[in-house]
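Hydrogens, waters and symmetry mates are skipped; everything else that's a heavy atom, side chains included, is used.
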Amino acid sequence: MSPAAPPAPAVPPAPAVPPSTSRRTASRAAPMSPDDRRDAVLAATVPLLLDRGLAVTTRELAEAACVAEGTLFRVFPDKASLVRAAIERALDPAPLVAALGGVPRAQGASDPSTLVRVVVGILLDRAREVSGLVSLVHAMDPGAPHPHPRPAGRDHVEAVVTAVAELLEPVGGRLRREPAVCARLLVGLVLAVVGPLGRGSDLDADDLTELFCAGAVREGESC
């Protein structure tokens, strides 16, 4: 009987293969494009401006935008340019129009004042924010024009008026005037309260809703 063949030597396990470069790259966040980086900086700037005013530092702005401080000055030549660009971006009416578009159309089915209260609340918050930003522009440069001079500013207001009118359409039969007219009056009322004419006023959304829906004369009084 021939001797048994010796056992084959054990094959050592293959070494672990490190993740490929492509997999490592895919796991990282893709670098932002210049436009995305600019948008991130501007989006982070507005809340800080409203909170800290012109005292906010470029370091704080960079940290809020999650970029290096030097990146700010590769995108904007100086702090004043960054502040002005952020304010101009914030004055875009598109987010406000979108917020109004998100209000349910059936909101005022049983009581139009309920719908008006919601609309006034949205308009008032936005108007106060814009007023604060415009004040910063003039504080930074007293001789500076309004960030949105006419006709651009007028076009922005018209976009908001149109959005409010569309919300009032379902309750149009319960209004004394056409929804488009009521929308213009409502937007004008809010802007007047927040602007120079309303300086020192403590009227809130409930007050404005009551004035708009019931008028300035007390019930039972003649005018």
Side-chain angles (χ1 to χ4, degrees), residues 17-102 121-160 163 187 190-191 193-196 198-200 202 204-205:
V17 179
S20 66
T21 303
S22 61
R23 288 183 62 187
R24 285 200 304 269
T25 303
S27 64
R28 293 193 198 121
M32 288 191 290
S33 69
D35 287 343
D36 288 342
R37 187 181 300 112
R38 187 178 192 277
D39 284 345
V41 170
L42 294 178
T45 298
V46 171
L48 279 175
L49 285 174
L50 291 171
D51 181 52
R52 302 260 290 113
L54 295 178
V56 66
T57 65
T58 53
R59 179 177 181 179
E60 290 171 326
L61 294 172
E63 289 176 352
C66 299
V67 298
E69 190 171 2
T71 300
L72 296 181
F73 299 108
R74 288 198 294 272
V75 181
F76 301 96
D78 51 38
K79 178 182 172 181
S81 299
L82 167 58
V83 170
R84 184 171 288 278
I87 290 173
E88 289 177 353
R89 181 180 187 271
L91 296 182
D92 182 352
L96 174 56
V97 171
L100 292 168
I122 295 172
L123 293 176
L124 196 57
D125 287 345
R126 173 66 172 174
R128 283 174 172 156
E129 178 180 299
V130 168
S131 178
L133 292 172
V134 171
S135 297
L136 288 177
V137 171
H138 293 305
M140 185 172 60
D141 182 2
H146 190 285
H148 274 161
R150 295 182 179 183
R154 183 169 60 241
D155 291 342
H156 288 185
V157 173
E158 288 299 326
V160 176
V187 173
V190 172
L191 292 179
V193 168
V194 174
R199 190 164 294 145
D202 60 354
D204 60 17

Exercise. Checking side-chain contact (heavy atoms from CB on, under 4.5 Å) for the pair V194/L124: CA distance, chi angles, key distance, verdict?
Worked result: CA-CA 8 Å; V194 174; L124 196 57; 3.7 Å; yes
Seminar exercise, completed: Sorted by chain and number, sequence neighbours left out, side-chain contact (heavy atoms from CB on, under 4.5 Å) with D204 holds for D206, D207
Exercise. Nearest heavy-atom pair of A159 and V97: which atoms, and what distance?
Worked result: O-CG2, 3.9 Å
Exercise. Are any of the side-chain heavy atoms of V41 and V67 separated by less than 4.5 Å?
Worked result: yes
Problem set entry | Listed once per pair and sorted, the side-chain hydrogen bond (donor to acceptor under 3.5 Å, both in side chains) pairs that draw on residues 43-53, sequence neighbours left out | R52-E60
For this session: For L50, enumerate each residue passing the side-chain contact (heavy atoms from CB on, under 4.5 Å) test, keeping only those at least two apart in sequence or located in another chain.
Result: V46, E129, L133
Exercise. Which pair of non-hydrogen atoms, one from A85 and one from F76, has the smallest distance, and what is that distance?
Worked result: CB-CE2, 3.7 Å
Exercise. Are L100 and L123 close enough that some pair of their side-chain heavy atoms sits under 4.5 Å apart?
Worked result: yes
Seminar exercise, completed: Rounding to 0.5 Å, atoms CG (D92) and CD1 (I87) come to a distance of 14.5 Å
Problem set entry | Nearest-0.5 Å distance that lies between atom CG in L136 and atom CG in L54 | 5.0 Å
For this session: Return the set of residues passing salt bridge (Lys or Arg N to Asp or Glu O under 4.0 Å) with R38 (not counting sequence neighbours), or none when no residue passes.
Result: none
Exercise. What heavy-atom pair brings A40 and A65 nearest, and what distance separates the two atoms?
Worked result: O-CB, 3.9 Å
For this session: With sequence neighbours excluded, give me every salt bridge (Lys or Arg N to Asp or Glu O under 4.0 Å) pair touching residues 64-82.
Result: none
For this session: In sequence, state the C-alpha distance, the side-chain angles, and the governing distance for R126 and V190, and then conclude on side-chain contact (heavy atoms from CB on, under 4.5 Å).
Result: CA-CA 10 Å; R126 173 66 172 174; V190 172; over 6 Å; no
Exercise. Looking at residues at least two apart in the chain, or sitting in another chain, which of them share a side chain to side chain donor-acceptor pair (under 3.5 Å) with S135?
Worked result: none
Exercise. How far apart are the closest heavy atoms of R37 and T71, and which atoms are they?
Worked result: CD-CG2, 3.1 Å
For this session: Please assess L61 against L72 for the test side-chain contact (heavy atoms from CB on, under 4.5 Å), listing each intermediate value before the final yes or no.
Result: CA-CA 8 Å; L61 294 172; L72 296 181; 4.2 Å; yes
